[in-house]
Undergrad: 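One structure, pasted below without further comment.
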Amino acid sequence: MLMVNQEGGRFNGLDWPDVTLLPGAMALGASGDPELAREVAVAVAEQLRALGVAWNLAPVCDLYGPDGNPALGTRSFGSDPERVAALVAAWVKGTQAAGVAATAKHFPGLGGGVDPHTGISAVKSLPGGALLPFQEAISAQVGAVMVGSQSVADIDPGVPALFSPKVVEDLLRDRLGFTGVVVTENLSIPAVIRHAGGIGEAAVRAIEAGADLLLLDSEIGRRKPEHAVRESNTVLAIRREAVVAAVMRAVETGRLTRERLAASVRRVDALTARFAISDPGELLDEQTWQDADRRAAAAALRVARSAVTVVRADADALPLRLSPSGVVGVVRIPPASKLRADTSWRAPFTLPNALQEHHARVQFVDVPEPGDALPAATSINRWEAAVVVTHNGCHSSADHLAVARKLSAKPFPIIHLATGDPVDLAESPAQVTIASYSPDPASIRSVAHVLFGARATGILPFRSPVWDKS
C-alpha cells in the first residue's frame, strides 16, 4: 500500500505540475470551519486514490507553540487545542470516508524550537491540551499514529518518543486506547540515527518501544537530477538492508520475539484490508483523476477565500485605489528554501497575474537577496502601492523585513503579504499585513480579491510572544 505526505499547503510529496495543491492546515485553522476541513480532506484523498495511493501521512496534530518550531509553521492548524482537535477530527473523517488511511502526527506533540530533522527537540512537559487533537483523531478511528522523535522530560527524560515504551505503550496504547498502526517518524533523519548509534539500532529500539511500522525515506523526487536520485536510492537501499539485518539479529538473540512482530503484522494487515486498492480498474483512470482534481480545485478556492487574514490595516489603506496610469510594485523576497518538510517554497509565483486580473498595472521585482537594491527611484515614483511578499522569512537568517523598511517612507501604501508562516509579519512596518498561509494559486487569487475590495474573513489561529511584540 503506497503512502505519501500530502498535507496541502507547505508539505506535499506529490507537488507535480498537473496536481492541484490545496491550502494547508493553518489556512483551515484561519477559517475555523470543520466542515471545510472535511471537504478539503476528501478532495486530497480522492486525488490520492485516483493515483493509487491509499495512505496519507496527515493530518498534523501538533499545536503551534510560542517557540515557532521551524519544522511546523503552517503545517499546524493553530494553537487552540479544542479548535485544532475539531479540525483534526474532520480531516480524519473526510480522508478515511474517501478510502484513504489518515495518520495523526507527531505524537505526543512537537514542541521546542529545535527542528527534529537536525536535532532531538526536548521539552520539559507537554503544553496544556496537546493530547486533545490526538484523542479526537483516535475517536474518529484514525488508521495510524506517527510517533515523533522529540523527548518529553515529564514522560521519559532524554528518550525520543519513538524509542519510548512510556510514550507508545503507556500513553498512546493504554491511556488513549489506540489500537491501530503505530508508525515511526522517518528513521533516516540524521538526528535519530546519531541518537541511536546507527539505523539498525534505531529500528530495533523503535520496535521495542511498540512501533508497528518503520518509516524510511524513499526517493521519487522529480526535481532532482537523475544521478542524484540514483545515488540517494543506493544509500537508502543500504539502510534498509541494515534495518532488516538488525531486526533479524534481534529476533535470533531474543531481544525481539516473533510474537511481538506478529502483533504488528496483524495491525498492518488490518489497515491494509481496510484501505488498500484491490481493484486495478481504480488505478490511473483518466476521467476519475480529472474529476478528482476538478473537485480539489473548487475546494482549494473555497478554503483560500475563507482563510485570507488581514492582520493589520491602517484606515483607508484598503481597498487599493489606483489611477488609470498607476502601477503596483510587487517585490518578492527569496523564500526560505532550506526548511525540511517544506515543498511550498518551489511554488510558482502568481501574484502579478492575479493583480492583473483586476486590471492593475504591475511592476514585478524579484529581489535576489533581501538587502539588495530596489529599482531606481524614477521607477518607484510611478508606484501607487507596493506589495512585499515573504515566505517563511522568519525561519531564515536573512533580514526579510529589509525591503519593507526601505519602502516605508514612500508616499504610497505598503502591503506585506506572508505566504508562509504569518510570524513574518511581526514587526513589519507595512501599513497593511496579510496572511494567506499558502502560496498556491487559489490563495494568491484570494489575496488579490481582498486588495481590491473583497472582505477578508480569516482569523489568525495562534498567538505567541514573538507575535505579541508587533
Undergrad: What are the two closest heavy atoms between S408 and P429, and how far apart are they?
TA: CB-CB, 4.2 Å

Undergrad: What I want to check is whether the side chains of D293 and T20 have a donor and an acceptor closer together than 3.5 Å.
TA: yes

Undergrad: Using every non-hydrogen atom in the two residues, find where R332 and W345 come nearest and quote the distance to one decimal.
TA: NH2-O, 4.4 Å

Undergrad: Could you tell me whether R49 and E46 have a side-chain N and a carboxylate O separated by less than 4.0 Å?
TA: no

Undergrad: If we ignore hydrogens and angles and just use 3.5 Å, is the side chain of T309 paired with the main-chain N or O of V311 as donor and acceptor?
TA: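 It does not hold such a pair.
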
Undergrad: Is it the case that more than 12 heavy atoms not belonging to R83 sit under 6.0 Å from its CZ atom?
TA: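 Yes, CZ of R83 has more than 12 neighbouring heavy atoms, counting only those of other groups under 6.0 Å.
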
Undergrad: Look at the side chain of Q96 and the backbone N and O of Q141, then say whether any donor-acceptor pair between them is shorter than 3.5 Å.
TA: yes

Undergrad: Can you tell me how far the CZ atom of F163 sits from the CG atom of L187, to the nearest 0.5 Å?
TA: 6.5 Å

Undergrad: Could you tell me which non-hydrogen atom of V88 sits nearest to which non-hydrogen atom of P133, and how far apart they are?
TA: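 Minimum heavy-atom separation between V88 and P133: CG1-O, 3.6 Å.
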
Undergrad: Measuring from atom CG of L460 to atom CG of L425, what distance do you get when rounded to the nearest 0.5 angstrom?
TA: 8.5 Å

Undergrad: Once you round to the nearest 0.5 Å, how far does CG of D421 lie from OG of S396?
TA: 12.5 Å

Undergrad: Ignoring hydrogens and geometry beyond distance, is a side-chain donor-acceptor pair present between D424 and T390 at under 3.5 Å?
TA: yes

Undergrad: Using modelled atom types and a 3.5 Å cut-off, is there a donor and acceptor pairing between side-chain atoms of Q135 and backbone atoms of L176?
TA: no

Undergrad: Roughly how far apart are L162 CG and S149 OG, rounded to 0.5 Å?
TA: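 Going from the CG atom of L162 to the OG atom of S149 covers 6.5 Å.
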
Undergrad: Is the CD atom of Q356 crowded by more than 12 outside heavy atoms at less than 6.0 Å?
TA: yes

Undergrad: Check N56, L215, V53 against M3 for a side chain to side chain contact (heavy atoms under 4.5 Å, CB included) and give me the one that passes.
TA: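 For M3, the side chain to side chain contact (heavy atoms under 4.5 Å, CB included) check succeeds only for L215.
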
Undergrad: For a side chain to side chain contact (heavy atoms under 4.5 Å, CB included) with V387, tell me which candidate from I434, L417, V447 qualifies.
TA: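 It is L417; the other options fail the test.
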
Undergrad: Under the side-chain contact (heavy atoms from CB on, under 4.5 Å) criterion, do V147 and T184 qualify, and how do the steps go?
TA: CA-CA 5 Å; V147 180; T184 67; over 6 Å; no

Undergrad: Can you tell me how far apart CG (L131) and CZ (F107) are? Round to the nearest 0.5 Å.
TA: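 The CZ atom of F107 is 5.5 Å from CG of L131, to the nearest 0.5 Å.
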
Undergrad: Where is the tightest heavy-atom contact between D342 and A336, given as atom of each residue plus distance?
TA: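 For D342 versus A336, the nearest heavy atoms are OD2-O, 3.9 Å.
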
Undergrad: Between the main-chain N or O of A161 and the side-chain N or O of S164, is there a donor-acceptor pair closer than 3.5 Å?
TA: no

Undergrad: Decide whether E357 and N353 meet the rule of one side-chain donor and one side-chain acceptor closer than 3.5 Å.
TA: no

Undergrad: May I ask you to decide if the ring planes of F452 and H358 are parallel, tilted or perpendicular, using 30° and 60° as cut-offs?
TA: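 Parallel.
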
Undergrad: Would L36 and L28 satisfy side-chain contact (heavy atoms from CB on, under 4.5 Å), going step by step from the backbone distance to the final call?
TA: CA-CA 7 Å; L36 192 56; L28 290 166; 4.2 Å; yes

Undergrad: Do the ring planes of F349 and F364 sit parallel (below 30°), tilted (30 to 60°) or perpendicular (above 60°)?
TA: parallel

Undergrad: Would a distance-only check, ignoring hydrogens and angles, find a side-chain to backbone donor-acceptor pair under 3.5 Å from R10 to G420?
TA: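 Not at all, since once roles are kept as given, no pair shorter than 3.5 Å links the two residues.
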
Undergrad: Can a side-chain donor-acceptor contact be found between T433 and H416 if the only test is distance below 3.5 angstrom?
TA: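 Distance-only check fails for H416 and T433.
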
Undergrad: Does Q6 reach the main-chain N or O of L14 with its side chain, forming a donor-acceptor pair under 3.5 Å?
TA: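 Present.
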
Undergrad: Check the surroundings of atom CD in E82: do more than 12 heavy atoms from other residues, nucleotides or ligands lie under 6.0 Å from it?
TA: no

Undergrad: When rounded to the nearest 0.5 angstrom, what is the spacing between OG1 in T74 and CZ in F462?
TA: 10.0 Å

Undergrad: May I ask you to decide if G78's main-chain N or O and S76's side chain share a donor-acceptor pair within less than 3.5 Å?
TA: yes

Undergrad: Any side-chain to backbone donor/acceptor pair from D62 onto L110? Under 3.5 Å, distance only.
TA: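 Between the backbone of L110 and the side chain of D62 there is a qualifying donor-acceptor contact (under 3.5 Å).
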
Undergrad: Tell me, yes or no, whether the heavy-atom count around R321 atom CZ, taken from other residues, nucleotides or ligands under 6.0 Å, exceeds 12.
TA: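 Check passes, neighbour count above 12.
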
Undergrad: Are the side chain of Q47 and the backbone N or O of A292 linked by a donor-acceptor pair below 3.5 Å?
TA: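 It does not hold such a pair.
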
Undergrad: For N12 and D15, indicate whether the former's side chain and the latter's backbone hold a donor-acceptor pair under 3.5 Å.
TA: no

